[in-house]
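Below is one structure, written out as structure tokens; the observations come after it.
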Amino acid sequence: MAKFPNITMTSAGLEMLARAASGQTADRFIVTKVKLGDGVSEGNIRDYTDIISSKKEVTLASFEDKGNGTFRYTFTYNNEGVKVGFYHREIGLFAKNGDSGTEKLVGYTNAGNYPGWIDDETRIQPYTRLMINVGIGDTDNASGMVDVGNTVTIEMLDEHNNDENAHTNLIKRLFGSATATMESVKNSVQGWCKESIASIFGIDSATQTNVKNKMLEYAQEQIESWLETLGIRYNIAQNGYICLGKLFGDAIIQWGLIVGSDKLVNIPTNITIKQLLYCNACDGISSFENDGIGYFLGVADVTPTNIIFRFKENPQTFRWFILSK
């Protein structure tokens, strides 16, 4: 725990206390905040206008009139907003005269060789309650008593959490909103969700159409990958094929429509044939009305990459069909 000596009032602070002692409402002494820092004190504290190395600002949580012109000012803080941990040596008290007055450093104290330590915000650190007592009266001997506790009690934390203004700034900062209404928080969460979805799917914006198209694209890629793994391929065309893959014994169906002009017709295939199971060739235009495909025209020789049909006569248009594996 840091050991802080009594606060020394600055020249500006003594002037403010003297004005406040006059009893004028417009000159009342209004404490606004403290600054915490890690600077090493040098020179005359009376001349200070700011602390030496500011690391964190804490607004006033509450104050209490202790009587006889003495007021207790309470500040509650932890390491929220601290990007880099620091040795807590400095406390600077800031105040103004009246609502329209200028905020100035009015008191300062430095722990010197007995600082505390405030971690960066990535580490959990309990709340600290800082209490400063200031007497408004004899300004020639004015100073402030400092009381700094390392941790807060459950009662102190409950008191802080029950303050309706205690976490407003935190909510505003977390959700990037000027107000902390339910509607603004909901809109911020929805915006964050849309940004996350767009980032995950790699799309410009998370509209319903964009997400649906991306999911269809993904589903098609997965189906094609699954079919390829099983050896299922196809080309549905006039001269096409279907490879049925591992699920159907690697069977292959091929078909085509050819215009023949020779008794020997050589047809290259896109699929390697290991074993012919069935082959047929028929005339392209049926000789009989509504009788189906027509009649057989020729026989075939099969190589791994070709089908050779041998006809008795020069064929015209004909269809062919083979089943292989």
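Please read these numbers as outputs of a predicted model, since none were measured by experiment.
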Do Phe63 and Ile91 share a hydrophobic cluster, counting only Ile, Leu, Val, Met, Phe, Trp and Tyr and linking them when any side-chain heavy atoms are less than 4.5 Å apart? yes

Are Tyr114 and His88 close enough that their ring centres sit under 6.0 Å apart? no

So CG of Leu244 and CD1 of Ile253: to nearest 0.5 Å the spacing works out to 5.0 Å

Is it the case that atom CG in Leu216 sees more than 12 heavy atoms from other parts of the structure closer than 6.0 Å? yes

Do side-chain atoms of Asn79 reach the backbone of Asp120 as a donor and acceptor pair under 3.5 angstrom? yes

Is it true that, when you exclude Asn44 itself, more than 12 heavy atoms of the residues, nucleotides or ligands shown sit nearer than 6.0 Å to its CG? yes

Side chain to side chain contact (heavy atoms under 4.5 Å, CB included) between Val58 and Leu36: does it pass, once the steps are laid out? CA-CA 8 Å; Val58 184; Leu36 314 179; 4.2 Å; yes

Is the shortest side-chain heavy-atom distance between Leu14 and Val106 below 4.5 Å? no

Short side-chain to backbone donor-acceptor contact, Asn210 and Ala206, under 3.5 Å: no

With side chains defined as the heavy atoms from C-beta onward, is the minimum distance between Ser41 and Tyr108 less than 4.5 Å? yes

Row check, Phe94 ring normal vs Lys33 NZ/CZ: under 6.0 Å, within 45°: yes

Taking NZ, NE, NH1 and NH2 as the nitrogens, is one of them in Arg72 or Asp65 under 4.0 Å from a carboxylate oxygen of the other? no

Working note: Thr8 + Tyr48, criterion side chain to side chain donor-acceptor pair (under 3.5 Å); need CA distance, chi angles, decisive distance, verdict. CA-CA 10 Å; Thr8 299; Tyr48 281 18; over 6 Å; no

Do other residues, nucleotides or ligands put more than 12 heavy atoms under 6.0 Å from the CD atom of Glu42? no

From Glu57 CD over to Ile51 CD1, what is the distance, rounded to the nearest 0.5 angstrom? 8.0 Å

Nearest heavy-atom contact between Arg89 and Phe4 is O-CE2, 2.9 Å

Between Phe29 and Val31, is there a side-chain heavy-atom distance shorter than 4.5 Å? yes

Within a strict 4.5 Å, meaning less than it, do heavy atoms of the Val134 and Thr70 side chains meet? no

Evaluate the criterion side chain to side chain contact (heavy atoms under 4.5 Å, CB included) for residue pair Glu228 and Arg233; output intermediate values, then yes/no. CA-CA 7 Å; Glu228 183 177 353; Arg233 306 189 305 279; over 6 Å; no

Distance-minimising heavy-atom pair for Phe75 and Thr59: CD2-O, 3.5 Å

Under a 4.0 Å threshold between the charged nitrogen and the carboxylate oxygen, would Asp99 count as salt-bridged to Arg28? yes

So, for Tyr87 and Trp117, is the gap between ring centers shorter than 6.0 Å? yes

Pair Ser53, Asp38: side-chain N/O donor-acceptor within cut-off below 3.5 Å: yes

Walk me through it: do Thr102 and Asn97 pass the test side chain to side chain contact (heavy atoms under 4.5 Å, CB included)? CA-CA 7 Å; Thr102 301; Asn97 280 126; over 6 Å; no

State whether the number of non-hydrogen atoms from other residues, nucleotides or ligands found under 6.0 Å of Phe201 atom CZ is greater than 12. yes

Exceeds 12 heavy-atom contacts within 6.0 angstrom, atom OH of Tyr234: no

Heavy-atom side-chain contact between Leu130 and Thr74 under 4.5 Å: no

Decide if atom CG of Asp47 counts as having more than 12 heavy atoms of other residues, nucleotides or ligands within a radius under 6.0 Å. yes

Please round to the nearest 0.5 Å and tell me the distance separating atom CZ of Arg129 and atom OG of Ser62. 6.5 Å

Show, in sequence, the C-alpha distance, side-chain angles and deciding distance for Phe71 and Asn133, and conclude whether the side chain to side chain contact (heavy atoms under 4.5 Å, CB included) test is met. CA-CA 6 Å; Phe71 293 83; Asn133 297 317; over 6 Å; no

Is there a donor-acceptor contact under 3.5 Å from the side chain of Thr229 to the main chain of Ser225? yes

Answer yes or no: is there an ion pair linking Arg123 with Glu121, defined by an N-O contact shorter than 4.0 Å? no

Should Val82 and Asp119 count as side-chain neighbours, where that means a heavy-atom distance under 4.5 Å? no

Has Arg46 got a side-chain atom pairing as donor or acceptor with Met9's backbone, closer than 3.5 angstrom? yes

Interatomic spacing from CG in Asn110 to CD1 in Ile45 - rounded to 0.5 Å: 7.5 Å

So NZ of Lys3 and OG1 of Thr109: to nearest 0.5 Å the spacing works out to 13.5 Å

For residues Met131 and Tyr73, determine if any side-chain heavy atom of one lies less than 4.5 Å from a side-chain heavy atom of the other. no

Tell me whether Lys56 contacts the main-chain N or O of Glu80 through its side chain, where contact means a donor paired with an acceptor under 3.5 Å. yes

When rounded to the nearest 0.5 angstrom, what distance separates CD in Gln254 from CG in Leu276? 10.0 Å

Ile52 versus Val40, closest heavy-atom pair with distance: CD1-O, 2.9 Å

Is the closest side-chain heavy-atom distance between Ile197 and Trp192 below 4.5 Å? no

Salt bridge check: are Glu103 and Lys96 linked by an N-O gap of less than 4.0 Å? no

